[in-house]
Amino acid sequence: MPDGWSRPLDAEQLADRRTDIDFSIPLRELPRIAPQLARDEGIAKGTVSFERDRGLAVVELAVEAQVSLTCQRCLRPMTWPVAGRARIAIVGDAAAAEGVAPELETVIAPGGQVTVGELVEEELLLALPLVALHAAGEQCGEQSADEPDEVTQKPFAGLAALLKRGP
Ligand SMILES: [Zn+2]
């Protein structure tokens, strides 16, 4: 089932059947993750398990990914590892979301329709840092052989053009 992660699924039905879905999603195909990637690569892998919890459709999500971000200190690519687990209640509207137990995350899915991609993207966004920086012990500011300069300078090329256009 290629691209199964982008198909709308009926959360209620899958919860009743206790369905597990394994996924493998190229990060560049997630619209809110793609703009943050320093390199056009990486895959989010894991499992989404639908079940019923206190009457609600709930998913247990396990996701792992190596996300390539731009270090905001040296502007070179860095890898941000994500290995997360979450329990997410799938509800139909904001009113239903208010009744969800506090230990659960909530996703509002009109008509109970969700895609695996949306759930994974949401979880990745929560796991990414506000400001990406090389960790202590990593080679911040140093160029290694496989990191060509042009890749990391791109973000500023656009900014410089923008500034020139100012008054
Ligand atoms: Zn750095």
Side-chain angles (χ1 to χ4, degrees), residues 1-73 76-138 140 146 151 155:
M1 189 171 68
D3 291 348
W5 56 267
S6 61
R7 275 207 329 212
L9 303 170
D10 185 326
E12 298 292 329
Q13 209 174 71
L14 295 179
D16 284 335
R17 294 183 192 159
R18 299 186 57 91
T19 306
D20 294 344
I21 299 173
D22 292 331
F23 59 84
S24 177
I25 307 174
L27 295 175
R28 64 165 167 271
E29 295 189 27
L30 296 172
R32 287 187 293 160
I33 300 293
Q36 302 193 43
L37 294 178
R39 292 179 176 177
D40 192 16
E41 62 188 30
I43 290 175
K45 284 186 183 174
T47 308
V48 175
S49 305
F50 287 82
E51 59 188 62
R52 202 158 282 286
D53 182 348
R54 283 161 281 191
L56 295 171
V58 168
V59 299
E60 179 96 27
L61 168 65
V63 58
E64 284 188 32
Q66 301 284 327
V67 185
S68 167
L69 301 173
T70 302
C71 170
Q72 296 305 300
R73 193 187 297 127
R76 295 190 189 286
M78 53 169 278
T79 301
W80 184 268
V82 174
R85 257 182 186 283
R87 279 179 73 76
I88 307 163
I90 313 291
V91 298
D93 54 40
E98 284 174 21
V100 173
E103 69 268 23
L104 298 180
E105 292 174 28
T106 310
V107 164
I108 296 176
Q113 301 269 308
V114 285
T115 71
V116 171
E118 285 163 0
L119 296 172
V120 170
E121 184 172 56
E122 196 65 37
E123 207 49 41
L124 288 177
L125 285 171
L126 290 173
L128 294 184
L130 285 176
V131 178
L133 290 173
H134 278 113
E138 288 187 290
C140 188
D146 66 337
V151 173

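Without hydrogens or angle criteria, R28 side chain to G42 main chain gives no donor-acceptor distance under 3.5 Å. In this structure, the side chain of D93 engages the main chain of A96 through a donor-acceptor pair within 3.5 Å.
Side-chain atoms of W80 and L124, non-hydrogen and from C-beta on, never get closer than 4.5 Å to each other. Annotation: side chain of I21 is in contact with side chain of L9 (closest heavy-atom distance under 4.5 Å). Side-chain contact between L61 and E105: absent, with no pair of heavy atoms (C-beta onward) separated by less than 4.5 Å. No side-chain heavy atom of K45 sits less than 4.5 Å from a side-chain heavy atom of V63. The closest side-chain heavy-atom distance from V120 to F23 is below 4.5 Å. Under the 4.5 Å side-chain criterion, counting only non-hydrogen atoms from C-beta, L128 is in contact with I33.
Taking CD1 of I90 as the reference point, atom CG of L104 lies at 10.5 Å (rounded to 0.5 Å). Once rounded to the nearest 0.5 Å, the distance linking CZ of R18 with CD of E60 reads 10.0 Å. With rounding to the nearest 0.5 angstrom, the CD atom of E41 is 10.5 Å from the CD atom of Q66. The structure places CG of D16 at 8.0 Å from CD of Q13, a figure rounded to the nearest 0.5 Å. Note that OG1 of T115 and CD1 of I25 are 7.5 Å apart. Values are rounded to the nearest 0.5 Å. We find the OG1-CD1 distance between T106 and I88 to be 9.0 Å, quoted to the nearest 0.5 Å.
Listed here is the closest heavy atom pair of A89 and V58: CA-CG2, 4.2 Å. Closest heavy-atom contact between E118 and V114: OE1-CA, 3.8 Å. Contact record, A15 with E51: CB-O, 3.4 Å, taken as the closest heavy-atom pair. In this structure, R39 and S68 approach most closely via the heavy-atom pair N-OG, 3.1 Å. Residue P31 comes nearest to E121 through the heavy atom pair N-OE2, 3.2 Å, listed as atom of the first residue, atom of the second, then distance. Across all their heavy atoms, R76 and H134 have their closest contact at O-CE1, 4.1 Å.
Under 4.0 Å is where a charged nitrogen must lie from a carboxylate oxygen, and between E138 and R73 no such pair does. Remark: E123 does not engage R85 in a salt bridge, criterion side-chain N to carboxylate O under 4.0 Å.
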How far apart are the C-alpha atoms of D10 and Q113, what are their side-chain angles, what is the distance that settles it, and do they pass the side chain to side chain contact (heavy atoms under 4.5 Å, CB included) test? CA-CA 5 Å; D10 185 326; Q113 301 269 308; 4.0 Å; yes

